[in-house]
Structures are given as C-alpha cells and as structure tokens.
Amino acid sequence: MSRPSNFADVRHLLQTRFQQRPYAAAQLYVSRHGRPLLNTAVGEAQPGVPLTAESIMYWSCAAKPLLALAVGQLIDDGYLGFDDRVADHLPDFAAGGKGDITVEHILSHAGGFRFPAGPGPYREPFDDAVRRVLRMEGEAAWTPGEDQGYHQDTAWYVLAALVESLRGHDFTEVIHTEITKPLGMSSTWAAMTPEGYASAAPRLAVPTFVSPGGIRRWPYLISRAACGTKNPCYGGYGPMSDLGRLYEASLDATQGSGEFAVSARTLTDMVASPRGRSHDRTFKRDCDYGRGFMRDLSGHWGFGTRWSGSSFGTCGLVGHVCAGADPRTGVVIACAFGALTVDGEDTGQIMDYIYDLAAGSPI
C-alpha cells in the first residue's frame, strides 16, 4: 500500500481497494482543532445507491459514549458519583456477588460480569434484558476495579437502567434531548421513532464487515425494527461528521471552551485512566480505558499507531467504525471503513496515513 501524500490519495486508495469487494464502502470525517479537513465517502450505501458524506451509518459499539455521557450528566447533577455502588441505586444488581461494583467499574470495563446468558440485543425486549443482567452472577476470580475486560453488552444495560431510573425517561430520549440535539448532531439517533425512520431511511447504509468467512452484510440493522430498538450496547446511527462533531466538542470542553454535554471536570475524569494500560481479559492484550471511553487509542483495534497516550474514543466491529480525538495534536478522526479488513491491520495502516496528514495540516 503506497503512502498517500494528501487526502485525495486516501480516497483513491480506498476506491482501489473496494473495487474488489462488492457493496463495500467507507465514510470518513477528519478535522484538526475544529477545522474540517476531510468529509467524504466511497462505495455504495446499498446496492446501486452511492454512499455520500450525508449517508447514515450504523455506529455499532462506537455509540457507547453517548450513553456514558448521559451517566456523566447524572454525576454533574448530583444523582450519582463515580464511586457509588451500583446496587445502592439498583438493588437487584447486588445479586450474584456484584454488590460492591461501582459506577466507575462499569464505565471502565472492570466490573466482572461480561457474559450474559440470554438472547441479547434485537432478540428480547429491553426491560427483559435489564432484569436478566441485573440478576446475573459476577465472575469468579475477578477483583472489580483491578481486573478489566471489555464488557460488550452487559455493562451498558446497567448504565441505561441507571439513567432511566434516575431520570425517569427513556435513555434514548435523554441522549437525544440532552446530548445529540444540543451539540447539533441533527442526523444522529440512539433509536429512531417511526417518523425519524421515515425521514432517515433513504440515507441509511447497510453495515458491512469482513469475517474469516468473507464479507458480511447486515441489512436487518437498517430495518425499521432494528433502528427502533432500544439497544444500549451497540445501537446508534448517524454520519461520521456527526460522530466527529461529538469529539470536536469534547476536545473544546477539555480545554474549558464551548458548550458540551457534561462539565469540563466530569469529562476530564471520563477520559482519564483509572488504572493505566493493563491486561484485558476479553481481548487478551494490554490496553487502557477511561470512564466510558477507550483511552490511548494506539492500543486498541483499528486505530493504528500514531495516537498519544491522552487520546480517547471508541471503535465498533460491525461497519469497522473507529472514532477518536487526540488532545496533543487536536486531531479528530471518525471513520466507518466497512468491509476493509479482517483483523484491523489495513484499517490501522490507513488510520496512520490519515492521522499523519491531519497532524501535519496547518492550524
């Protein structure tokens, strides 16, 4: 793969790669210190429908910070503290030896209740899933706050239950009214209303990713049923420019400027590391987490090698979404790479190219 010398070369590189992969597509947004540098798309959203910069992508796990920020608002408003025991707010959570797990443990993937025994998102009602997760057993030989391992599903049902219990509103409504709407993320949904789906449907892109068995396309994830599902684990829809806007605003907030969903103090705590790099028992490698965000992004899947230790963001496997911000350079990248790679290696290499171009751009 030859090194691109400008962003047009990046787009050409992706076009060349995707010529060999039908229905593959990528959408990219890049900025530095709030100045957009790239907002483009390559490939097809659906068979015969070009992907554009305004197409609505499935965010997968990259939507997790939206719910984390809703929890951060509870902390700002005095309903919660990072050190609060979850069971003090949701008594059923004390079942299975989980009584001492705190809000911080859950936000930083250190709770120790990773594997639900049930149908999971899209296959059972939200309230049923919450009841099941609250009562599940904690993992043996796990010290909350010391051990860590990525909690894909379970922790996020608990966080959603906290928001709904303490706010008295659907967590997806809280995300819309308190986070995405004030930030101007006008094409972002945690879950779509029927009216929202009717307006968004023509812009929806079918999520794709590559597994060892080949390219997989999941048209169900842009169906009316899926888009309307309350899924705190890996729902969320919007263009990469909206996701980039979230990280641009977060960078401003960490520097004490601009309006954001949470206070500068709470956001600083959320993007800080409670443990530093340590072994992840899910991914079987060392990495770092903040409280609701991944940290030190060069240690995470798909981000490449250029990010500083203070960088923060998230990634999602379905759609190969990687998004983050780096306070050291002011770089924000939000990309959905689709069916580009099996193991993240190609994604990481292209992210290195993009990061280098962005970090070298004039301020």
Counting distance only, does the side-chain N/O of Y58 pair as donor-acceptor with the main-chain N or O of Y234 below 3.5 Å? yes

Ring center gap for F312 and H300 short of 6.0 angstrom: no

Side chain of S298, backbone of W307: donor and acceptor closer than 3.5 Å? yes

Please check if the side chain of H320 supplies one atom and the backbone of V318 the other of a donor-acceptor pair under 3.5 Å. no

Polar side-chain atom of Q27 near backbone of S55 as donor-acceptor pair, under 3.5 Å: yes

Looking at side-chain heavy atoms only, is the closest gap between M57 and V321 below 4.5 Å? no

Taking T154 for the side chain and F113 for the main chain, is one N or O donor matched with an acceptor at less than 3.5 Å? yes

Are V133 and V103 in one and the same hydrophobic cluster, where Ile, Leu, Val, Met, Phe, Trp and Tyr link if side-chain heavy atoms are under 4.5 Å apart? yes

Below 4.0 angstrom, N of the basic side chain to O of the carboxylate: do R306 and D356 qualify? yes

Is a side-chain N or O of R11 found less than 3.5 angstrom from the main chain of A41, in a donor-acceptor match? yes

Just so I know, are the side chains of E44 and L51 near enough to count as touching, which here means a heavy-atom distance under 4.5 Å? no

Over all atoms of both residues, closest heavy-atom pair of K98 and R135: NZ-C, 4.0 Å

Give the ring-plane orientation class for Y247 versus F293, where under 30° counts as parallel, over 60° as perpendicular and anything between as tilted. perpendicular

Counting only heavy atoms not in H12 (residues, nucleotides, ligands), do more than 12 fall under 6.0 Å from its NE2? no

Least distance between heavy atoms, S361 atom then F7 atom: OG-CE1, 4.4 Å

If you measure from the Lys or Arg side-chain nitrogens to the Asp or Glu carboxylate oxygens, is any gap between R114 and D147 under 4.0 Å? no

Decide if atom CG of D83 counts as having more than 12 heavy atoms of other residues, nucleotides or ligands within a radius under 6.0 Å. no

Which heavy atom of A63 sits nearest to which heavy atom of G236, and what is that distance? CB-CA, 3.9 Å

Can you name the nearest heavy-atom pair linking V332 to A325, along with the distance? CG2-CB, 3.9 Å

Should we count CZ of R265 as having more than 12 external heavy atoms under 6.0 Å? no

Is R167 salt-bridged to E178, going by a charged N under 4.0 Å from an acidic O? no

Salt bridge R245-D242, side-chain N to carboxylate O under 4.0 Å: no

Transitive ILVMFWY side-chain link W156 to L246, under 4.5 Å: yes

Are a donor atom and an acceptor atom from the side chains of D280 and Y150 found within less than 3.5 Å of each other? no

Can you tell me how the ring of Y220 sits relative to the ring of Y122, calling it parallel under 30°, perpendicular over 60° and tilted otherwise? perpendicular

Under 3.5 Å donor-acceptor, S257 side chain and D252 backbone: yes

Parallel, tilted or perpendicular for F171 and F126, by the 30°/60° rule? tilted

For R291 against P274, the heavy-atom pair lying closest together: NH2-CB, 3.6 Å

